[in-house]
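Heads up, the thing below is written out as structure tokens.
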Amino acid sequence: MTLSKDSPIVIVGSGVFGLSSALHLAESGYSNITILDRLDLFKLKYSFENGADTASADINKVFRASYAEKDYYHRLALRAETQFRKWDKEVRELDPELEKAKVFRDLKIFSHSGMITLDNLQELSEDQHNSLKDFEKSGLRDAQYIINDENDQKRAAEKGWGHKLNPGNIRENPYLDHVSGVLDTTSGLLHASNALIYVHQKLLLHGVKFLLEAQGEVVSVIEENGKVLGVVTKDGNSHRAELTIFAAGPWTSSLVPELEGLSEAQNGNVLLVKIPESRIDLREKYSVENFPIFLWRTGYVREREKFAGFGAFPVSGSDGFLKIICRQKKFTNPQKLELGQTVSVPITSRSEPSETRLTKVLVSQVKSFIKVFFPDLVEFGIHQTALLWYTDTINNDFIVDYIPKRENALVVTGGSGHGFKFLPVLGQYVVDVIEGRENIYTEKFKWRDPKQYGDINHIGDVQTGKSRFYDQVLAAKADLQFSEEDLKAEVVL
Ligand SMILES: Cc1cc2nc3c(=O)[nH]c(=O)nc-3n(C[C@H](O)[C@H](O)[C@H](O)COP(=O)(O)OP(=O)(O)OC[C@H]3O[C@@H](n4cnc5c(N)ncnc54)[C@H](O)[C@@H]3O)c2cc1C
Ligand SMILES: *[C@@H]1O[C@H](CO)[C@@H](O)[C@H](O)[C@H]1NC(C)=O
């Protein structure tokens, strides 16, 4: 395929993967780019609070470079961090009127909060050891502090990280016999919606065109003799392109059914605790300045267990939200497509009927998590929940490649729960694929045959219908508050 710099390119999806693709294409000189999306995310300020229902549209996300045995993501994350810090500096210098005009939530993109990964083990886990090795290789071992190591405690105090080494007095927690962990001070909090608004504005300056809502919702693909010629949107218009990029996150497999069994939508969750304005003490205690990102028993091995896979995000905005997520068993929504394939399709706040409930089992565990680690937040209950959908691939590697047996069409997807942090760098590999440059990332992100892999994400459940979202017992609104019983119940860790 020969693409020239002024060839029309259509990108379906304006999440992290679509925007990053557009940014790198535009910066490489491609001048006729159109982004299509079913939502006007700029208007929704890239946040679920305003009605967005996508993985990218979130108030904050983890930035981390700890990647255990996958050191190629470790190195890529460090490159992304440099760029995030640059963008952060740029937005902090913007006219404060922009904040008042509520274009951004606040003028921040990256807060250097640090992240603590905790477990009730005697020793560090294998993942933690592997991540420490990666940091050592990158010359960043000094930025890691093992919480029970006296030397590291002393170092942390000297470097001004001492207060983050024992958040909420974790080492004295009455529920825990022992606790182990590492404070990684290269990690931080990404102000996710701000980052996307910032990139969106950059794209407008590059002349990238956005067609949104009915004008941008893709309903079918135009094809002739195995060649993709563009797409048709809900308003009936066709958009012809010499290259069509599918970056529709967990909806991609509905548009590209060949992804069946390779990349599937699985549900994730967000829960918000709102600390009222009157509780200055608690807003201070849990602020991004005083509290790290707090992970409890995360990592692939842990996340299938009960009371594991929790993350709490420090309060970063004037709304006083402390965000909690839980990564455990995920569910799917298998649907049969016209061509016969069965893929999972997200159920969200914008589905009919609208859905924001989480499973009762999950809500009950999150309440225990709050009770054990954040007892002073119990009185506020859970303010709001949202369903966000992962685009899980068979092996957690992203996909940036041509669709087999269909010309002129690329998929850029498969975020697998860790894609946000690569917003500044990911699109480079789209340009590399188009221009025929190979490297370790274009190699890792190739289209792959799912049968060649063990199904670590259990996405095969889409075919068996074993883990359907609507087969679960869902939490009611009343379940979001702590009942007398919840308060009395014993917590089993
Ligand atoms: C709960 C949760 C927590 C996460 N936490 C982190 C984290 O802390 N750190 C991190 O690095 N990563 C994290 N991730 C992963 C990260 O959010 C994703 O990898 C990334 O946002 C995926 O971006 P995307 O563009 O592929 O998908 P999406 O954000 O889902 O975007 C897809 C876009 O396509 C549009 N679209 C869909 N169908 C159509 C259509 N037919 N026509 C037009 N447009 C369409 C949608 O409206 C949407 O805007 C998390 C993911 C989840 C679900
Ligand atoms: C971009 O491509 C479209 C479709 O071929 C064409 O109609 C349009 O004129 C092009 N725009 C520019 C600025 O070249």
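Computation of the quantities below employed the complete heavy-atom set of this structure, encompassing side-chain atoms and omitting hydrogens, waters and symmetry-equivalent molecules. Both ligands and their constituent atoms are indexed starting at 1 by order of listing. The first residue of the sequence shown is numbered 1, and numbering continues consecutively from there.
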Problem - From the candidates Phe17, Tyr73, Phe313, the one that places a heavy atom nearest atom 25 (O) of ligand 1 - result: Phe17

Fill in the blank from the handout: Min over Tyr46, Trp389, Phe420, Phe422 of heavy-atom distance to atom 12 (N) of ligand 1 lands on Phe420

Handout entry: For atom 38 (N) of ligand 1, the option (of Phe48, Tyr390, Trp251) bearing the nearest heavy atom
Key = Trp251

Completion exercise
Contact region, Asp58 to ligand 1, non-hydrogen atoms below 4.0 Å, reads neither

Exercise for the section: Please could you name the atoms of ligand 1 that Thr54 approaches to less than 4.0 Å, counting only its heavy atoms? Expected result: 29 (O), 30 (O), 46 (C), 47 (O), 48 (C), 49 (O)

Handout entry: Selection from Gly18, Ser263, Gly15, Ser56 by shortest heavy-atom distance to atom 22 (C) of ligand 1
Key = Ser56

Problem - Check: Phe63 ring centre within less than 6.0 Å of Phe420 ring centre - result: no

Exercise for the section: Mark up the atoms of ligand 1 that fall under 4.0 Å of a heavy atom belonging to Ala248, in ascending order. Expected result: 32 (C), 34 (O), 36 (N), 37 (C), 38 (N)

Handout entry: Ring centroid separation His418 to Tyr67 under 6.0 Å
Key = yes

Exercise for the section: Check whether the ring centres of His383 and Phe321 lie less than 6.0 Å apart, and answer yes or no. Expected result: yes

Handout entry: ligand 1-proximal atoms of Leu41, by part, heavy-atom distance under 4.0 Å
Key = side chain

Exercise for the section: Among Ser416, Ser263, Ser344, find the one that has a side chain to side chain contact (heavy atoms under 4.5 Å, CB included) with Thr391. Expected result: Ser263

Handout entry: Cation-pi, Trp296 ring and Arg302 (6.0 angstrom, 45 degrees)
Key = no

Practice task
Take every heavy atom of Thr391, measure it against each atom of ligand 1, and state whether any distance is under 4.0 Å.
Solution key: no

Completion exercise
side-chain hydrogen bond (donor to acceptor under 3.5 Å, both in side chains) with Lys330: of Asp461, Asp392, Asn267, only one passes, and it is Asp392

Practice task
Looking only at protein heavy atoms, identify the closest one to atom 14 (O) of ligand 2 and say how far it is in Å.
Solution key: Asn32 ND2, 3.4 Å

Practice task
Establish, from distance only, whether the side-chain atoms of Tyr470 and Glu355 form a donor-acceptor pair under 3.5 Å.
Solution key: yes

Fill in the blank from the handout: Taking only non-hydrogen atoms of Gly419 and a 4.0 Å limit, the atoms of ligand 1 in range are 11 (O), 12 (N), 15 (C), 16 (C), 19 (O)

Practice task
Considering only non-hydrogen protein atoms, determine which one is nearest to atom 9 (N) of ligand 1 and report residue, atom name and distance to 0.1 Å.
Solution key: Val62 O, 3.1 Å

Handout entry: Atom NZ of Lys336 with >12 non-hydrogen neighbours under 6.0 angstrom
Key = no

Practice task
Within a distance under 4.0 Å of any heavy atom of Gly415, pick out the atoms of ligand 1 and give their elements.
Solution key: 19 (O)

Problem - Distance filter under 4.0 Å to Pro250 heavy atoms, resulting ligand 1 atoms - result: 30 (O)

Practice task
Provide the number and element of each atom of ligand 1 under 4.0 Å from a heavy atom of His418.
Solution key: 10 (C), 11 (O), 12 (N), 15 (C)

Handout entry: Residue, atom name and distance, where the atom is the protein heavy atom closest to atom 5 (O) of ligand 2
Key = Pro8 CG, 3.4 Å

Exercise for the section: Decide, yes or no, whether a salt bridge links Glu213 with Lys43 under the criterion of side-chain N to carboxylate O below 4.0 Å. Expected result: yes

Problem - Ligand-residue contact atoms, ligand 1 with Gly216, heavy atoms, under 4.0 Å - result: 42 (N), 43 (C)

Handout entry: Member of Tyr441, Tyr429, Tyr73 meeting the ring pair (Phe, Tyr, Trp, His ring centres under 6.0 Å) criterion with Phe398
Key = Tyr73

